[in-house]
Amino acid sequence: MDEMETCSEGLRDLGEEDVLSSPPPSIIAPPSPPTIMGTPMLVDQPQSPLSSQTMVGTTQLDLTLLEQAQPRREPSQKYLKEREICMDYFSGWTEQDQIEFVEELLVSMHHHQHGTVNAFLKPMLQRDFISLLPKKGLDHVAENILSFLDARSLCAAELVSKEWLRVISEGMLWKKLIERKVNTDSLWKGLADRRGWVQYLFKPKPGESHPSHSFYRRLYPSIIKDIDAIEDNWRCGKHNLQRINCRSENSKGVYCLQYDDHKIVSGLRDNTIKMWDRQTLQQHQRVLTGHTGSVLCLQYDEKVIISGSSDSTVRVWDVESGEMVNTLIHHCEAVLHLSFNFKFCNDNKLGMMVTCSKDRSIAVWDMVSPTEINLRRVLVGHRAAVNVVDFDDKYIVSASGDRTIKVWSTSSCEFVRTLNGHKRGIACLQYHDRLVVSGSSDNTIRLWDIECGACLRTLEGHEELVRCIRFDSKRIVSGAYDGKIKVWDLQAAMDPRAPAGTLCIRTLVEHSGRVFRLQFDEFQIVSSSHDDTILIWDFLNCNPPER
C-alpha cells in the first residue's frame with residue numbers, strides 16, 4: 001500500500017478524507033537631549049549656594065528661575081542688621097550643632113517655605129558621578145555603569161559632556177553593547193557569524209588586536225540596517241531560492257528534514273536517510289539504509305540521528321560513522337513522529353524521548369546512551385493515529401486524527417487536559433512555553449494557551465490540509481498540501497484586536513507538490529515536499545529587486 005495511504009488511515013477511520021494520521025532591535029533614534037539619566041547632574045564640585053547659575057554637564061541651571069517663581073522682596077533692615085550676628089554664632093558651632101539648629105529652623109517654617117528651600121538644595125545635592133569616578137581612579141566603575149545602557153541611551157550619554165564621551169570611548173562600550181546583543185539574541189549571533197564581524201568581538205586571538213572604538217560606533221548602525229533589511233525581505237517575500245533534487249529512484253517524496261549550518265539531513269519515502277552539504281548542496285556519499293519502510297520522522301543532535309518509519313521501528317544512528325547502533329521495536333504500526341532531548345534530565349537519566357504511532361499510542365523512553373534506551377511508559381487515550389508529539393520538562397503534548405490535542409505531565413506521564421476546537425484531524429503541532437500552535441485537515445491553524453486550554457486565535461488561508469508548522473518569537477511558518485508555505489505574524493496573531501486579514505505576511509509558492517516538512521530560523525526556511533525536492537529560501541542573501 002502507498003505510504004500516503006498508510007499514514008492517512010488513522011484519520012480516515014474517523015471520516016477524514018486525506019490527512020496524514022518567535023522587534024528587531026530598535027533603530028537608533030536621533031539622540032534626545034541628555035536628560036536620560038533622570039535629573040541633571042552637577043559637574044565636578046557643587047557650586048556655591050550663592051551663585052545664581054550652576055553648570056550641569058553642558059547645561060546651565062539658571063537659579064534665577066526660582067526667583068521668578070517666588071519673587072524676592074528687599075531684605076528688611078532688621079534682617080540685615082542681625083544676619084551677621086547669627087552667622088557668627090552659627091559658624092562657631094560644631095557641625096552636629098549646626099545640623100540640629102537647621103532642623104529646628106526647618107520645623108518652625110511653613111510648608112511653602114520648605115518648597116523654596118528644597119528647590120534651592122536639590123541641585124546642590126546632585127553629583128555627576130560618571131565624571132567624578134575617574135578622578136578617584138575608578139574609571140572601570142563608570143564604564144560598568146554606562147555599559148548597561150541601550151543604544152538610544154548610549155547615544156544620548158555621549159552628548160552629556162566630553163568626560164562622558166571619553167568614558168564611553170575608552171571603555172569600548174559600543175563594542176560591549178554589540179557583544180551583549182550577540183550573547184543574548186540569536187538573530188545577532190547568526191548575523192555575526194554570517195557577516196564575519198564576529199572576528200572583531202570578544203577576546204582577540206593571540207598576536208592580534210581589535211579595531212578602535214570608532215569602528216564599533218559605526219558598526220552598530222550598519223548592523224541595525226542589515227537587520228531591518230532582513231525583516232523587510234521576510235515581509236516582502238524577497239529571497240534567494242536554492243533547490244536540491246533528491247533523485248529518488250523509486251518512491252518519490254521527502255517526508256522529514258532537519259538542518260544546521262553544515263548539513264541537511266532528510267528522511268525519504270524510498271526508505272533512506274540522505275544528507276546534503278549546506279555549502280555545495282551536494283549529497284554526502286554516505287546514505288543511511290536499514291529501514292524497510294518510508295522514513296516518516298527524524299531528529300539529530302551532535303551524536304545521534306534517531307528516525308521513525310512506516311516499518312514500525314525507531315532506529316538510532318551514529319552521526320559520524322552513519323552506523324546503525326540501536327533499533328527499538330515497540331509500536332505495532334507506523335511511527336509517525338518523535339522528539340528527544342539528551343540534555344533533558346529526569347530521575348537522573350541522561351535524556352528522554354517520546355514517540356507516537358498510527359497504533360494510537362504514545363511511548364515515553366528514558367535515554368541512558370544511544371545503545372541503552374528503555375521504555376518508561378505508554379500513554380493511551382487518543383482514538384485515532386497520533387500524528388505528532390512535542391515536550392519540555394513540564395508537559396508532553398500530542399495531536400491526533402481524532403481532532404484533539406492532549407496534554408500529559410512529563411514527570412508523572414499522567415493525563416492533564418484535552419484541547420478541543422479543530423473540526424478535523426490534526427496533522428502537526430509545536431509547543432513552547434505556554435503556546436501550542438497546531439495545523440489540521442480543516443485547513444486552519446490554531447493557537448492555544450496550554451495552561452488553560454483556550455484557543456487564542458484561528459488562522460485561515462490554506463486551501464488544503466496544513467501538514468507542517470513551526471514558530472519562533474516573531475513568526476509562524478506553515479506548509480500545506482496546497483503546495484504553499486505561509487508566513488504569519490505571531491505577535492499580531494496574539495493580539496485579539498489585530499484584523500484577521502493582516503496576519504498572513506507572505507505566501508511562498510515554489511513547490512509543485514504537497515509540503516511535508518519545514519524548519520526555519522531568522523534567515524531562511526528549509527522545506528521538503530512530495531515533489532522530491534528540498535528548497536532553501538534565503539532571506540539574508542536575497543537577489544536585489546528588479547528595477
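- With salt bridges taken as basic N to acidic carboxylate O contacts below 4.0 Å, none links Asp260 and Arg278.
- Val526 is listed as a side-chain neighbour of Ile264, based on a closest heavy-atom distance under 4.5 Å.
- Residues Lys238 and Phe539 come closest through the heavy atom pair O-CD2, 3.3 Å.
- Rounding to the nearest 0.5 angstrom, the gap separating the NE2 atom in His337 from the SG atom in Cys428 is 9.5 Å.
- Here the CG-CZ distance, from Leu173 to Arg217, works out to 11.5 Å after rounding to the nearest 0.5 Å.
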*Could you walk me through whether Lys406 and Thr418 pass the side-chain hydrogen bond (donor to acceptor under 3.5 Å, both in side chains) test, one step at a time?*
CA-CA 4 Å; Lys406 290 189 181 295; Thr418 298; 3.1 Å; yes
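- No side-chain donor-acceptor contact under 3.5 Å links Ser438 to the backbone of Leu429.
- Taking the side chain as every heavy atom from C-beta outward, Val437 and Ile445 approach each other to under 4.5 Å.
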*For side chain to side chain contact (heavy atoms under 4.5 Å, CB included), just list the numbers for Ile396 and Val407, CA-CA rounded to whole Å, side-chain angles, deciding distance to a tenth of an Å, and then say yes or no.*
CA-CA 6 Å; Ile396 299 170; Val407 182; over 6 Å; no
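- Looking at Tyr216, its side chain does come within 3.5 Å of a backbone N or O of Tyr200 through a donor-acceptor pair.
- Here the NZ atom belonging to Lys394 is positioned 3.5 Å from the CD atom belonging to Glu451, to the nearest 0.5 angstrom.
- Under the 4.0 Å criterion applied to side-chain N and carboxylate O atoms, Arg497 and Asp495 are assigned as salt-bridge partners.
- In this structure, the side chain of Ser440 does not engage the main chain of Asn443 through any donor-acceptor pair within 3.5 Å.
- Across all non-hydrogen atoms, the minimal contact from Trp448 to His422 is CZ2-CD2, 4.0 Å.
- Glu231 places no side-chain N or O within donor-acceptor distance of the main-chain N or O of Asp228, the cut-off being under 3.5 Å.
- No side-chain heavy atom of Met367 sits under 4.5 Å from any side-chain heavy atom of Asn341.
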*Might you work through the side-chain hydrogen bond (donor to acceptor under 3.5 Å, both in side chains) test for Ser478 and Lys486, ending with a clear yes or no?*
CA-CA 5 Å; Ser478 58; Lys486 287 184 178 289; over 6 Å; no
*Could you go through the side-chain hydrogen bond (donor to acceptor under 3.5 Å, both in side chains) check for Asn240 and Trp537 one step at a time?*
CA-CA 6 Å; Asn240 178 47; Trp537 316 71; over 6 Å; no
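- Taking 4.0 Å as the cut-off between side-chain N and carboxylate O, Lys189 and Asp193 count as a salt-bridged pair.
- Here the CG-CG distance, from Leu165 to Leu159, works out to 8.0 Å after rounding to the nearest 0.5 Å.
- The 12-atom threshold is not exceeded at CZ of Phe148, counting heavy atoms of other residues, nucleotides or ligands nearer than 6.0 Å.
- The two residues Arg457 and Ala498 come nearest to each other via the heavy atoms NH2-O, 3.0 Å.
- In this structure, Ile525 CD1 and His239 NE2 are separated by 8.5 Å, a value rounded to the nearest 0.5 Å.
- The two atoms that bring Cys356 and Val388 nearest to each other are SG-N, 3.7 Å, heavy atoms only.
- A donor-acceptor pair is defined here as one N or O able to donate and one able to accept, closer than 3.5 Å; no such pair exists between the side chain of Asn144 and the backbone of His140.
- Counting only heavy atoms from C-beta outward, the side chains of Ile476 and Ile469 approach each other to under 4.5 Å.
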*Step by step, work out the side chain to side chain contact (heavy atoms under 4.5 Å, CB included) result for Asp97 and Phe101.*
CA-CA 6 Å; Asp97 290 339; Phe101 176 75; over 6 Å; no
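- Because its NZ or CZ atom is both nearer than 6.0 Å to the ring centre of Trp234 and within 45° of the ring axis, Arg475 counts as a cation-pi partner of that residue.
- Inter-residue side-chain proximity for Ile178 and Leu201 is flagged as met; some heavy-atom pair is nearer than 4.5 Å.
- Atom CD of Glu208 has more than 12 neighbouring heavy atoms from other residues, nucleotides or ligands inside a 6.0 Å radius.
- Checked by atom type and distance alone, the side chain of Gln430 pairs as donor or acceptor with a backbone atom of Phe471 at under 3.5 Å.
- Proximity of a side-chain donor or acceptor of Glu170 to a complementary backbone N or O of Val167 within less than 3.5 Å is not detected.
- For the pair Val117 and Leu106, the minimum side-chain heavy-atom distance is below 4.5 Å.
- Going from atom CZ of Arg506 over to atom CZ of Arg235 covers 10.0 Å, rounded to the nearest 0.5 Å.
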*Would Gln299 and Gln258 count as a side chain to side chain contact (heavy atoms under 4.5 Å, CB included) if you check the C-alpha gap in whole Å, the side-chain angles of each, and the deciding distance to 0.1 Å?*
CA-CA 7 Å; Gln299 183 185 334; Gln258 185 182 334; 3.6 Å; yes
_Audit row: Glu74, Tyr79, side-chain hydrogen bond (donor to acceptor under 3.5 Å, both in side chains) steps and yes/no_ = CA-CA 10 Å; Glu74 287 295 322; Tyr79 167 75; over 6 Å; no
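- With contacts defined as side-chain heavy-atom distances shorter than 4.5 Å, the pair Asp392/Asp433 does not qualify.
- Between the side chain of Arg152 and the backbone N or O of Leu149, no donor-acceptor pair lies under 3.5 Å.
- Taking the centre of each ring, Trp408 and Tyr395 stay at or above the 6.0 Å mark.
- Checked against Trp174 for a side-chain contact (heavy atoms from CB on, under 4.5 Å), the options Pro221, Ser169, Cys155 give a single hit: Cys155.
- Aromatic pair Tyr431/Phe391: ring centres not closer than 6.0 Å.
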*Between Asp261 and Arg194, is a salt bridge (Lys or Arg N to Asp or Glu O under 4.0 Å) present by the stated rule, with each step listed?*
CA-CA 10 Å; Asp261 290 339; Arg194 288 165 171 79; 3.4 Å; yes
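- A donor-acceptor pair under 3.5 Å is absent between the side-chain atoms of Arg446 and the main chain of Val436, judged by distance alone.
- Of the charged side-chain nitrogens involved, none lies within less than 4.0 Å of a carboxylate oxygen, so that Glu179 and Lys176 do not count as a salt-bridged pair.
- The nearest pair of heavy atoms linking Trp188 to Trp197 is O-CH2, 3.8 Å.
- With respect to Arg377 and Glu414, a salt bridge is recorded, a charged nitrogen being found less than 4.0 Å from a carboxylate O.
- Two residues are said to be in side-chain contact when any heavy atoms from C-beta on lie closer than 4.5 Å; Val397 and Val389 fail this criterion.
- At least one donor-acceptor pair closer than 3.5 Å links the side chain of Gln519 to the backbone N or O of Tyr259.
- Aromatic ring orientation, His111 versus His114: perpendicular (interplanar angle above 60°, classes split at 30° and 60°).
- A salt bridge between Asp150 and Lys181 is absent, with no side-chain N of the basic residue lying under 4.0 Å from a carboxylate O of the acidic one.
- Residues Ser212 and Ser214 approach most closely at OG-OG, 3.0 Å, considering heavy atoms.
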_CA sep, side-chain torsions, deciding dist, call: Ile306, Met353, side chain to side chain contact (heavy atoms under 4.5 Å, CB included)_ = CA-CA 10 Å; Ile306 303 182; Met353 178 171 67; 3.8 Å; yes
